[in-house]
Protein chains: 2
Amino acid sequence: MKKYELIFQDLENKILKKIYDEGEFLPSEMELSDYYEASRATIRQALNILESRGFIQKQKGKGSLVISSEKLNFPISGLTSYKELQESLDFESSTTVLKFEKVKIDDELHILTLLPNDSYAWHILRARKIEGKYSVLDRDYILYDLAPDLTEDIVKDSLYEYLEDELGLIISYANKEITIDFINEDDRKYIDLAKIDHHVVSVKSHVYLADTTPLQYTESRHQVDKFRFTEFARRQKI
Amino acid sequence: MKKYELIFQDLENKILKKIYDEGEFLPSEMELSDYYEASRATIRQALNILESRGFIQKQKGKGSLVISSEKLNFPISGLTSYKELQESLDFESSTTVLKFEKVKIDDELHILTLLPNDSYAWHILRARKIEGKYSVLDRDYILYDLAPDLTEDIVKDSLYEYLEDELGLIISYANKEITIDFINEDDRKYIDLAKIDHHVVSVKSHVYLADTTPLQYTESRHQVDKFRFTEFARRQKI
DNA sequence: CAGTGGTCTAGACCACCAG
DNA sequence: TGGTGGTCTAGACCACTGC
């Protein structure tokens with residue numbers, strides 16, 4: 001494990017356990033440098049992660065102030081998968097696989113998914129039950145060549161775990177979009193909607209590997225009252 | 001101006017102008033280091049900003065690949081203000097100030113806004129017209145002591161510009177939340193809603209200064225079909 | 001004034017990728 | 001094997017804070 005990651009994790013733990021509590025300053029970079037036997041640059045690498053995650057706010061001339069003792073939930077922002085999300089929020093849930101088929105990417109699908117024309121992809125449709133009600137409908141297109149041995153059992157469990165841990169694919173970044181869409185036939189069929197509902201929240205993502213290969217297109221359609229998106233945002237000055 | 005900022009801006013410009021185009025690699029860190037007469041650490045600082053903004057994807061052993069020639073819109077993510085957003089998207093819009101008053105933060109408002117109990121705040125309600133229709137309703141609570149000379153004309157124009165450029169306040173970070181809420185009386189009154197609409201998109205933010213003083217609470221309520229949120233997200237491994 | 005974080009340098013070794 | 005980005009070090013000077 002890299003040194004700065006270890007230092008980050010140790011500091012994160014100490015903040016979560018309130019050894020360093022909200023409103024207190026962390027030890028100075030020099031002191032941390034002595035304590036962890038690391039250069040100041042390495043300490044600063046760890047502190048930058050803490051800052052980007054909203055744990056601390058650095059103040060020139062003063063120090064690093066702890067501003068949050070909690071991990072925030074990043075349902076969208078961090079590219080977190082449904083399973084990780086569900087575990088971290090820890091509510092009851094289950095998944096039903098509605099479709100699991102191999103399709104060819106024609107012109108129309110190419111425009112939607114950005115996967116290469118004439119390639120093949122897994123087309124997966126899953127309904128997610130949260131606290132007894134079907135609230136989310138996930139549609140995925142995943143490049144067949146990168147995961148030819150995918151099975152229905154795997155997608156019922158966790159797709160990302162399989163892709164990353166089993167296949168060793170390095171998922172790197174995504175372009176995401178959230179909009180409010182009119183409900184369609186599939187929403188009506190597979191999500192437990194109220195009569196008054198006319199809309200769902202749609203989260204669409206194009207997901208890429210570290211080598212910039214497009215891996216996946218996902219659309220996640222949420223019942224409006226089950227949708228909540230929180231994030232920690234920093235002001236971009238430049 | 002800092003060296004790494006200048007290097008970032010120069011590289012960003014060259015990418016926007018397609019001097020370095022999508023699919024091409026940037027010069028290596030060593031070459032950039034020679035060209036800009038900067039150490040590799042400084043070059044890497046600039047490249048990290050490019051990467052975090054989604055312009056490039058770094059690949060160990062290969063180089064920094066350009067993956068986007070466009071600035072993305074960050075309506076929420078970057079803490080961008082309505083005016084900056086409106087200018088960058090460049091559609092027609094105007095603002096009507098519906099309320100502009102000084103209020104005392106009582107218990108109830110304290111829980112909502114997180115501004116200090118018994119302090120005073122500006123309470124501002126603004127309707128935003130986009131392409132001829134009132135589509136967004138903004139409610140703000142801003143600490144009175146930090147902006148005692150605020151006027152209706154200023155909030156009609158740009159609040160953030162005034163706070164940052166005129167008052168020199170350094171806005172640093174925010175906790176944001178997006179939910180789909182039932183429409184209320186004010187929504188009905190001030191937003192041009194369709195009959196079928198039962199919901200609005202609500203974006204709530206607690207905004208803080210660099211010294212961690214809470215400055216502002218904002219709720220922005222959008223007509224559902226005018227709302228769109230895009231972001232570039234990187235996978236968080238740790 | 002001393003102490004803090006912000007920037008920058010020069011140099012080193014590593015893991016990874018390609019030919 | 002040579003070139004790339006990733007990590008790490010030791011040291012320097014700066015701007016800012018608070019006393």
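Lettering follows sequence order; numbering is per chain, from 1.
As a whole-Å value, the separation of A:Phe25 CZ from D:dT17 P is 12 Å. We find that CD of B:Gln59 is positioned 10 Å from P of D:dG5, with the value rounded to whole Å. Going from atom NZ of B:Lys2 over to atom P of D:dA15 covers 12 Å, rounded to whole Å. Across the protein-nucleic acid pair, A:Glu51 atom CD and C:dG5 atom C1' stand 10 Å apart, rounded to whole Å. To the nearest angstrom, P of C:dC8 lies 9 Å from CD of B:Glu5. The separation between A:Leu65 atom CG and D:dT17 atom P is 15 Å, rounded to whole Å. A:Gln45 places its CD atom 7 Å from the C1' atom of D:dT7, with the value rounded to the nearest Å. To the nearest angstrom, C1' of D:dG6 lies 15 Å from CE of A:Met1.
Axis angle between the ends of the helix from C:dC1-D:dG18 to C:dA18-D:dT1, five pairs each and rounded to 10 degrees, works out to 10°.
Side chain to side chain, B:Lys58 and B:Ser64 fail the donor-acceptor criterion of an N or O pair below 3.5 Å. Remark: the B:Thr151 side chain and the B:Asp153 side chain contain no N/O donor-acceptor pair separated by less than 3.5 Å. B:Tyr160 and B:Gln216 form a side-chain donor-acceptor contact under 3.5 Å, judged by distance and modelled atom types alone.
Residue A:Arg44 has its side chain nearest to C:dG6 when only D:dG6, C:dG6, C:dT4 are considered.
Inter-residue side-chain proximity for A:Leu143 and A:Pro214 is flagged as unmet; no heavy-atom pair is nearer than 4.5 Å.
Residues A:Ile43 and B:Glu31 each lie close to DNA chain D; by heavy-atom proximity, the contact nearer the 5' end of the strand is made by B:Glu31. Taking for each of A:Lys3 and B:Asn48 the nucleotide of DNA chain D with the nearest heavy atom, the 5'-most of the two is the partner of B:Asn48.
Between B:Thr42 and C:dT9, a side-chain N or O to OP1/OP2 separation shorter than 4.0 Å is present. The phosphate of C:dT4 has OP1 or OP2 within less than 4.0 Å of a side-chain N or O from A:Ser28. For C:dT7, the OP1/OP2 oxygens have a side-chain nitrogen or oxygen of B:Tyr4 closer than 4.0 Å.
Other residues, nucleotides and ligands contribute only 12 or fewer heavy atoms inside 6.0 Å of the OH atom of B:Tyr120. With a 6.0 Å radius and a threshold of 12 heavy atoms from other residues, nucleotides or ligands, B:Glu108 has its CD atom at or below the threshold. Enclosure of atom CD in B:Glu37 is not indicated, since only 12 or fewer non-hydrogen atoms of other residues, nucleotides or ligands lie within 6.0 angstrom.
Among the protein residues, A:Gln57 comes within range of no part of the nucleic acid, since none of its heavy atoms lies under 4.0 Å from any strand.
In terms of modelled atom types and a separation under 3.5 Å, the side chain of A:His206 and the main chain of A:Leu112 share a donor-acceptor contact. Panel note: side chain B:Glu24, backbone B:Val66; no donor-acceptor pair is recorded below 3.5 Å.
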Query raised in the report: Which letters describe nucleotides 11-19 of chain C, given B = protein heavy atom under 4.0 Å from base, S = only from sugar-phosphate, - = neither?
Result: -B---BSS-
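At a threshold of 4.0 Å, the pair A:Arg126-A:Asp140 counts as salt-bridged, since one of the basic side-chain nitrogens sits closer than that to a carboxylate oxygen.
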